[in-house]
Amino acid sequence: MDRKEPVEQPQGPLTAFGGRLALDPDARTATVDGRAVPLTYQDVRGLRTLIELGEGLHDARDVLLHGWGAWTDPRELRYPMAVLRAKLGEPWWIVRDGDRYGLRPPGPPPSGRLPYIEAFLEGEPIRRLG
């Protein structure tokens with residue numbers, strides 16, 4: 001990992017989506033619709049970075065540079081972002097599209113339920129893809 005420049009650690013809470021998602025970096029806690037979620041230092045960095053970058057999708061390299069002040073393989077973000085998504089409890093708070101990441105307001109995907117869940121609820125057998 002090549003270090004570029006020190007990354008400033010902002011003090012105080014950050015919020016997104018009208019306060020529905022809040023981050024307190026000092027307490028290492030996120031608040032998701034009023035529910036407290038304990039976070040690791042790495043989780044705090046990832047969530048803080050996405051909140052600071054704002055809505056929309058951001059290239060993994062930009063996320064790494066902004067949050068960690070380093071360039072590395074963009075695939076290095078996949079695991080920590082997946083863990084953070086799981087901790088927030090609603091998988092659609094954090095969006096991943098290839099090597100781009102972002103925040104969006106919580107809720108179901110634009111089409112409603114995921115297609116395989118819809119098929120399961122309608123009684124269709126689950127089929128393997130590929």
Side-chain angles (χ1 to χ4, degrees):
M1 202 184 297
D2 297 329
R3 290 268 173 216
K4 296 297 179 193
E5 58 187 57
V7 177
E8 288 185 29
Q9 301 293 323
Q11 302 300 314
L14 301 167
T15 60
F17 310 118
R20 292 187 66 191
L21 177 62
L23 172 66
D24 184 345
D26 297 325
R28 289 194 332 211
T29 304
T31 304
V32 181
D33 285 333
R35 179 178 52 89
V37 178
L39 301 174
T40 66
Y41 179 73
Q42 200 74 338
D43 296 332
V44 168
R45 270 194 169 191
L47 185 55
R48 185 194 74 232
T49 298
L50 292 177
I51 291 172
E52 288 176 347
L53 289 174
E55 289 187 48
L57 291 172
H58 308 281
D59 186 75
R61 293 178 198 269
D62 294 335
V63 174
L64 286 164
L65 185 61
H66 184 86
W68 286 267
W71 289 99
T72 187
D73 188 333
R75 293 176 292 182
E76 294 291 324
L77 275 179
R78 289 181 184 168
Y79 180 75
M81 287 297 174
V83 169
L84 184 55
R85 281 178 67 159
K87 285 183 179 182
L88 295 180
E90 178 66 43
W92 299 289
W93 281 96
I94 297 176
V95 179
R96 176 177 166 234
D97 180 16
D99 284 333
R100 298 182 308 155
Y101 296 88
L103 287 175
R104 76 171 184 180
S111 63
R113 294 184 181 128
L114 297 172
Y116 61 88
I117 294 174
E118 193 69 43
F120 174 76
L121 292 174
E122 291 175 7
E124 293 180 27
I126 297 176
R127 291 169 274 171
R128 290 183 60 126
L129 298 176

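FYI, side chains are in, hydrogens and waters are out, and symmetry mates aren't considered; it's all heavy atoms of this structure. Numbers here simply count residues along the sequence, with the first being 1. Computed from a prediction, not measured in an experiment: that's the story for all the values here.
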Please determine whether residues [X] and [Y] belong to a single hydrophobic cluster, defined as Ile, Leu, Val, Met, Phe, Trp and Tyr linked transitively by side-chain heavy-atom distances below 4.5 Å.
X     : Y     : answer
Phe17 : Met81 : yes
Ile94 : Val83 : no
Leu53 : Leu88 : yes

Please tabulate, one pair per line, all N/O donor-acceptor pairs under 3.5 Å involving side-chain atoms of residues 54-63, not counting sequence neighbours.
residue	atom	partner	partner atom	Å
His58	NE2	Gly54	O	2.9
His58	NE2	Gly56	O	3.3
Asp59	OD2	Arg61	N	3.0

Ion pair present between Asp73 and Arg75, side-chain N to carboxylate O less than 4.0 angstrom?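 Looking at Arg75 together with Asp73, the answer is yes, because their closest N to O distance falls below 4.0 Å.
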Assess whether side-chain contact (heavy atoms from CB on, under 4.5 Å) is satisfied between Arg20 and Trp93, documenting all intermediate values. CA-CA 11 Å; Arg20 292 187 66 191; Trp93 281 96; 4.0 Å; yes
Go through the structure and list residues passing side-chain contact (heavy atoms from CB on, under 4.5 Å) with Arg96, not counting sequence neighbours.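 Partners of Arg96 under the side-chain contact (heavy atoms from CB on, under 4.5 Å) test: Arg78, Arg85, Tyr101.
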With sequence neighbours left out, what residues match Ala27 under side-chain contact (heavy atoms from CB on, under 4.5 Å)?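 In terms of side-chain contact (heavy atoms from CB on, under 4.5 Å), with neighbours along the sequence ignored, Ala27 is linked to Asp24, Thr29.
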Would you indicate whether the side-chain heavy atoms of Gln42 and Trp68 approach each other to under 4.5 Å?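 Counting from C-beta outward, Trp68 and Gln42 do come under 4.5 Å.
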So Leu14 and Leu21, do their side chains get closer than 4.5 Å, heavy atoms only?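 A side-chain contact is absent here, since even the closest heavy-atom pair is not under 4.5 Å.
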Main-chain N/O of Asp43 paired with Thr40 side-chain donor or acceptor, under 3.5 Å: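 Present.
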Measuring from atom CG of Leu50 to atom CG of Leu103, what distance do you get when rounded to the nearest 0.5 angstrom?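 CG of Leu103 is found 4.5 Å from CG of Leu50.
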To the nearest 0.5 angstrom, please state how far the CG atom of Leu39 sits from the CG atom of Leu84.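 Those atoms lie 6.5 Å apart.
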